[in-house]
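Structure record follows, encoded as structure tokens.
Scope of the values below: all heavy atoms of this structure, side chains included, with no hydrogens, waters or symmetry mates.
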Amino acid sequence: MDAVLQTKGLLSLPLNPKTRVFQPSLGLKQRSFSTKPKTPTGLSLSSNGLQKFQGFISKTHGFGTKERNLFICRAEAAAAAADGQPAFGETEKPKFFGIEAVTLKKIVPLGLMFFCILFNYTILRDTKDVLVVTAKGSSAEIIPFLKTWVNLPMAVGFMLLYTKLSNVLSKKALFYTVMLPFIAFFGAFGFVLYPLSNYIHPEALADSLLNTLGPRFLGPLAILRIWSFCLFYVMAELWGSVVVSVLFWGFANQITTVDEAKRFYPLFGLGANVALIFSGRTVKYFSNLRKNLGPGVDGWALSLKGMMSIVVLMGFTICFLYWWVNNYVPLPTRSKKKKEKPKMGTMESLKFLVSSRYIRDLATLVVAYGISINLVEVTWKSKLKAQFPSPNEYSSFMGDFSTATGIATFTMMLLSQVIFEKYGWGVAAKITPTVLLLTGVGFFSLILFGGPLSPAITSLGMTPLLAAVYVGALQNIFSKSAKYSLFDPCKEMAYIPLDEDTKVKGKAAIDVVCNPLGKSGGALIQQFMILTFGSLANSTPYLGGVLLLIVLAWLGAARSLDTQFTALRREEELEKEMERAAVKIPVVAQEGSGNGSLASDSVLNPTAGDSGSSGPPRNI
């Protein structure tokens with residue numbers, strides 16, 4: 001054909017247009033349809049004897065002369081261009097298994113980075129608990145004090161330092177500056193700090209203070225007694241928050257497009273659970289090395305060296321993958337004009353939380369999860385130490401626990417799509433608190449009523465303590481798998497129907513206030529009860545009651561949020577339908593020749609007869 005529509009979504013106009021005179025604005029119906037359109041001999045925008053001009057003339061070139069009108073919406077054409085469809089004259093990019101090669105060069109290294117980071121995190125998470133819980137002069141009671149008075153201040157300090165460094169360093173330099181100290185510390189801990197722990201820990205000072213202050217201060221004093229183990233605990237926690245959340249996801253969001261993120265980010269979640277399974281097996285392997293060692297050999301020190309060597313190796317692999325992507329992968333261009341995220345202080349965040357019922361309910365979900373999981377987890381770890389006092393036995397059990405968590409979460413992620421599609425947001429949001437409540441009731445019942453239940457438990461070949469350990473493990477496995485597969489997606493989905501201002505400010509408020517409050521809230525409750533009742537065991541009945549109240553408040557907030565979320569989604573869908581109806585106005589009429597030119601005379605100016613005739617427009 002002689003004329004080709006060169007640009008998608010734009011109209012092909014004559015090369016030398018003359019003065020145009022348009023008819024007064026016609027109705028939608030008149031502009032959209034015309035009866036018996038004539039094949040044009042040229043482009044005419046005049047009637048009633050006004051001057052005409054000739055545009056380009058389309059030829060059929062053997063095609064049928066059947067006259068038809070094809071109306072194309074400007075918005076639909078633009079959307080087609082945005083979908084990644086190659087424009088006319090563009091060559092299609094090479095693909096592998098239906099995925100563009102350029103995309104694979106980004107996604108595969110990102111997936112490997114995420115695998116290595118989560119592999120390390122599982123090893124570090126299991127090891128940190130073994131170190132601080134099974135150490136001499138320590139117990140699970142150290143964890144609430146450690147999270148509140150050591151972990152939280154160091155996390156805040158680290159983020160302040162990170163903010164300062166981000167202002168003076170490039171993105172690449174910032175990544176290496178943050179990453180390399182982690183690698184150096186974990187290597188030094190396995191080969192230097194732990195072997196010297198008997199010399200650098202102030203055992204005598206801690207014993208003296210414990211005799212003076214009493215056993216209820218065992219937890220706070222244990223931080224002083226095993227300070228290097230506590231430092232390892234904090235660095236392992238920071239690996240999860242800094243390396244996973246800040247470094248990896250920041251880098252992934254930097255180099256991927258929105259379409260790529262929608263397609264591949266869910267696969268990263270599945271890959272994370274594969275890493276959880278393999279790293280759990282690795283922890284189990286190194287923890288069982290002691291069985292093959294002779295007497296007098298510190299099996300845990302040997303296991304620690306092996307696991308820290310893997311952590312260091314994985315760390316350097318992460319750095320290499322980051323370097324390779326930055327040097328060999330074309331990165332997408334971004335618009336420099338970005339909407340600034342509001343910097344809200346603590347008081348501003350609290351005020352914003354209180355002012356919005358929707359954000360208030362969403363904040364309750366986040367805080368309730370953090371408190372609930374802490375209340376059960378610390379009590380379970382105290383029973384775990386009683387059942388497995390040896391570091392190798394404790395670590396071996398944690399390896400099995402991590403593997404089981406990975407398998408359960410992988411399965412739940414596959415089921416979560418069915419749950420969301422079939423039952424909706426409300427049911428999905430209530431599953432996590434329901435699971436935590438039911439398993440929590442079973443766990444605390446075994447602890448509180450272990451005596452009367454002991455004959456039935458003994459008949460199963462278990463002691464009440466071992467049964468509590470297994471039920472607590474199941475509670476943690478199901479709660480965390482429900483959290484990763486349902487709670488986190490529900491929380492992020494809840495932001496979607498909000499207006500842009502509330503969405504950005506609400507997320508900022510929850511990040512500033514609710515995440516730290518949820519993590520530290522449970523620890524503060526436990527500290528109060530330990531100092532009041534003397535020990536974690538004496539506090540167990542009251543912790544069970546607090547858990548019940550927290551979960552009931554959680555379920556109430558989820559029910560309230562479901563009502564609001566559903567209403568907002570309906571409003572959003574209605575607005576989208578109205579927008580579709582508003583923009584679907586035909587702007588191009590294509591004849592059988594398909595030349596992509598403007599509509600014929602009878603379409604643009606639907607009058608009776610030819611273009612030269614006069615008379616009022618016909619009503620259709």
Side-chain angles (χ1 to χ4, degrees), residues 112-136 138 146 150-151 154 158 176-201 226-244 247-248 272 275-293 297-322 388 390-403 406:
L112 291 175
M113 280 181 67
F114 200 48
F115 180 90
C116 294
I117 291 170
L118 269 296
F119 190 96
N120 275 1
Y121 181 57
T122 304
I123 293 178
L124 297 173
R125 184 184 62 190
D126 293 347
T127 304
K128 70 180 176 61
D129 290 333
V130 176
L131 286 169
V132 300
V133 173
T134 64
K136 180 183 176 181
S138 181
L146 193 54
V150 181
N151 188 36
M154 287 196 66
F158 188 92
Y176 297 124
T177 302
V178 173
M179 192 72 188
L180 293 176
F182 277 104
I183 299 173
F185 172 80
F186 292 126
F189 184 87
F191 290 89
V192 179
L193 290 178
Y194 184 81
L196 296 176
S197 59
N198 291 331
Y199 303 99
I200 61 178
H201 288 169
I226 54 171
W227 66 267
S228 68
F229 296 175
C230 294
L231 184 59
F232 182 94
Y233 186 99
V234 172
M235 291 295 286
E237 286 281 324
L238 287 176
W239 178 277
S241 58
V242 174
V243 179
V244 177
L247 294 187
F248 174 77
L276 202 63
I277 296 170
F278 280 99
S279 56
R281 293 294 86 201
T282 303
V283 172
K284 176 83 171 179
Y285 170 79
F286 282 104
S287 300
N288 290 334
L289 284 179
R290 185 181 181 184
K291 296 178 181 179
N292 302 322
L293 300 176
V297 179
D298 189 349
W300 176 238
L302 188 62
S303 301
L304 199 59
K305 288 180 180 179
M307 289 189 288
M308 291 306 103
S309 298
I310 292 179
V311 168
V312 171
L313 180 62
M314 288 289 190
F316 283 121
T317 303
I318 295 165
C319 291
F320 169 76
L321 290 168
Y322 179 83
F388 302 107
S390 164
N392 284 89
E393 292 175 349
Y394 192 113
S395 180
S396 177
F397 181 86
M398 290 303 294
D400 290 332
F401 169 78
S402 296
T403 300

Identify the two heavy atoms, one from [X] and one from [Y], that lie closest to each other, and give their separation to 0.1 Å.
{"X": "G299", "Y": "N392", "result": "C-OD1, 3.8 Å"}
{"X": "F229", "Y": "V132", "result": "O-CG1, 3.9 Å"}
{"X": "M113", "Y": "Y322", "result": "SD-N, 4.1 Å"}
{"X": "V234", "Y": "M154", "result": "CG1-SD, 3.6 Å"}
{"X": "L304", "Y": "T127", "result": "CD1-CG2, 3.5 Å"}
{"X": "P391", "Y": "V130", "result": "O-CG1, 3.5 Å"}

(request) Indicate yes or no: at least one non-hydrogen side-chain atom of D129 is less than 4.5 angstrom from one of F401. (result) no
(request) Would you indicate whether the side-chain heavy atoms of Y233 and L131 approach each other to under 4.5 Å? (result) no
(message) I need the full list of salt bridge (Lys or Arg N to Asp or Glu O under 4.0 Å) pairs touching residues 227-244, with sequence neighbours left out, sorted by first then second residue.
(response)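 Sorted pair list: K128-E237.
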(request) Please lay out, stage by stage, how F182 and V311 fare under the test side chain to side chain contact (heavy atoms under 4.5 Å, CB included). (result) CA-CA 10 Å; F182 277 104; V311 168; over 6 Å; no
(request) Dump the intermediate steps for side chain to side chain contact (heavy atoms under 4.5 Å, CB included) on S395 and F388, then the final yes or no. (result) CA-CA 9 Å; S395 180; F388 302 107; over 6 Å; no
Once you round to the nearest 0.5 Å, how far does [atom1] of [X] lie from [atom2] of [Y]?
{"X": "I310", "Y": "N120", "atom1": "CD1", "atom2": "CG", "result": "9.0 Å"}
{"X": "W300", "Y": "T134", "atom1": "CH2", "atom2": "OG1", "result": "7.0 Å"}
{"X": "H201", "Y": "L193", "atom1": "NE2", "atom2": "CG", "result": "8.0 Å"}
{"X": "S402", "Y": "F278", "atom1": "OG", "atom2": "CZ", "result": "14.5 Å"}
{"X": "C319", "Y": "Y176", "atom1": "SG", "atom2": "OH", "result": "6.5 Å"}
{"X": "M308", "Y": "F232", "atom1": "CE", "atom2": "CZ", "result": "4.0 Å"}

(request) Return yes if some donor-acceptor pair links the side-chain N/O of T122 with the main-chain N/O of L118 below 3.5 Å, else return no. (result) yes
(request) Check whether any side-chain N or O of S303 sits under 3.5 Å from a backbone N or O of F286 as a donor-acceptor pair, and report yes or no. (result) yes
(request) Could you walk me through whether F186 and I123 pass the side chain to side chain contact (heavy atoms under 4.5 Å, CB included) test, one step at a time? (result) CA-CA 11 Å; F186 292 126; I123 293 178; over 6 Å; no
(message) Aromatic contact between F248 and F114, with the criterion being ring centroids under 6.0 Å apart: yes or no?
(response) yes
(message) When you compare the side chains of S287 and S396, does any donor N or O come within less than 3.5 Å of an acceptor on the partner?
(response) no
(message) Could you go through L276 and R125, starting from their C-alpha distance and side-chain angles, then the distance that decides it, and tell me whether this counts as side chain to side chain contact (heavy atoms under 4.5 Å, CB included)?
(response) CA-CA 11 Å; L276 202 63; R125 184 184 62 190; 3.5 Å; yes
(message) Under the side chain to side chain contact (heavy atoms under 4.5 Å, CB included) test against M235, which residue among F185, F189, F158 passes?
(response)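 With M235 as partner, F185, F189, F158 yield a single side chain to side chain contact (heavy atoms under 4.5 Å, CB included), made by F185.
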